[in-house]
Amino acid sequence: MSSAGVVADANVLLSAALGKAALRVFSEYKIPVHTTRFNADEVIEYLPRLSSKYEIPLDLLQLQWELLPLQIHGPETYAHQMVEATRLLVARDPEDAHPLALARALSLPIWSNDSDLANVGVACYTTARLLNPTVAKIQAE
């Protein structure tokens with residue numbers, strides 16, 4: 001079990017790959033970031049769309065993504081939490097069950113700007129809140 005860090009959903013990881021504020025969580029605050037293989041695959045799937053939308057070369061986005069210091073976990077790490085995570089999100093976005101289940105399995109907060117992950121029994125930090133130096137210091141310890 002990890003003692004510090006956050007579990008990131010796909011949207012904040014896409015933002016980091018684009019070089020937006022989310023990248024600062026990695027580069028300035030060095031908060032350990034965990035994610036699921038499911039969410040990592042989701043990011044990889046969306047990179048071509050973002051490349052086109054923002055007119056950024058795909059190879060540059062892919063490189064930025066690959067350089068993010070992530071700990072990617074397979075479903076075996078959080079499978080025992082999936083039923084409960086899915087139940088908690090049944091009226092929301094069921095795909096968010098993956099990061100919720102991992103957060104529950106690792107006893108870590110979630111990093112997401114998605115309101116679907118708020119109020120599900122696990123602390124949820126937005127990018128802005130993580131970039132608050134006090135919060136970042138606590139999560140990096």
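Side chains included, hydrogens not; waters and symmetry mates left out as well; all remaining heavy atoms used.
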>> For D114, give me all partners under side-chain contact (heavy atoms from CB on, under 4.5 Å), at least two apart in sequence or on another chain.
In response: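 D9, D96, S112, D116.
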>> Can you list everything that forms a side-chain contact (heavy atoms from CB on, under 4.5 Å) with A97? Sequence neighbours excluded, please.
In response: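 A97 satisfies side-chain contact (heavy atoms from CB on, under 4.5 Å) with M82, A85, T86, L89 only.
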> Any salt bridge (charged side-chain N to carboxylate O under 4.0 Å, His left out) pairs touching residues 53-66, not counting sequence neighbours?
Replying inline: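 For residues 53-66, and leaving out neighbouring residues, there are no salt bridge (charged side-chain N to carboxylate O under 4.0 Å, His left out) pairs at all.
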>> Who clusters with L67? Use side-chain heavy atoms, under 4.5 angstrom, across I, L, V, M, F, W and Y, and order the result by chain and number.
In response: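 Result for L67 is L63.
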Shortest non-hydrogen contact from [X] toward [Y]:
{"X": "N39", "Y": "P99", "result": "OD1-CD, 3.3 Å"}
{"X": "P109", "Y": "G5", "result": "CD-O, 3.4 Å"}
{"X": "A103", "Y": "V122", "result": "CB-CG1, 3.9 Å"}
{"X": "Q64", "Y": "A17", "result": "CG-O, 3.1 Å"}
{"X": "G74", "Y": "R37", "result": "CA-CB, 4.3 Å"}

Are the side chains of [X] and [Y] in touch, meaning some heavy atoms are under 4.5 Å apart?
{"X": "T35", "Y": "V7", "answer": "no"}
{"X": "L47", "Y": "L58", "answer": "yes"}
{"X": "H34", "Y": "L106", "answer": "yes"}
{"X": "F38", "Y": "P75", "answer": "no"}
{"X": "R104", "Y": "L88", "answer": "yes"}
{"X": "T127", "Y": "L131", "answer": "yes"}
{"X": "H73", "Y": "T36", "answer": "no"}
{"X": "V12", "Y": "V33", "answer": "no"}

Shared hydrophobic cluster, [X] / [Y] (ILVMFWY, side-chain heavy atoms < 4.5 Å):
{"X": "V83", "Y": "L102", "answer": "no"}
{"X": "L14", "Y": "I31", "answer": "yes"}
{"X": "L18", "Y": "V25", "answer": "yes"}
{"X": "L117", "Y": "Y46", "answer": "no"}
{"X": "L70", "Y": "I110", "answer": "no"}

>> For Y125, does the six-membered ring have the charged nitrogen or CZ of R129 within the cation-pi criterion, i.e. under 6.0 angstrom from the centroid and within 45° of the normal?
In response: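 No cation-pi geometry.
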> Ring centroid separation for Y29 and W111, is it under 6.0 angstrom?
Replying inline: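 Ring-ring flag for Y29/W111: false, centres at least 6.0 Å apart.
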> Who are the side-chain hydrogen bond (donor to acceptor under 3.5 Å, both in side chains) partners of E84, not counting sequence neighbours?
Replying inline: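 So E84 forms a side-chain hydrogen bond (donor to acceptor under 3.5 Å, both in side chains) with R87.
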>> Out of the candidates L60, I44, L50, only one should pair with W65 under the side chain to side chain contact (heavy atoms under 4.5 Å, CB included) rule; please name it.
In response: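 The option that passes is I44.
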>> Can you pull out every side-chain hydrogen bond (donor to acceptor under 3.5 Å, both in side chains) where at least one residue sits in residues 15-25? Sequence neighbours excluded, please.
In response: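 Residue pairs passing side-chain hydrogen bond (donor to acceptor under 3.5 Å, both in side chains), neighbours aside: R24-E28.
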> Angle class for the H98/Y78 ring planes (parallel below 30°, perpendicular above 60°, tilted otherwise)?
Replying inline: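 H98 vs Y78 ring planes: perpendicular.
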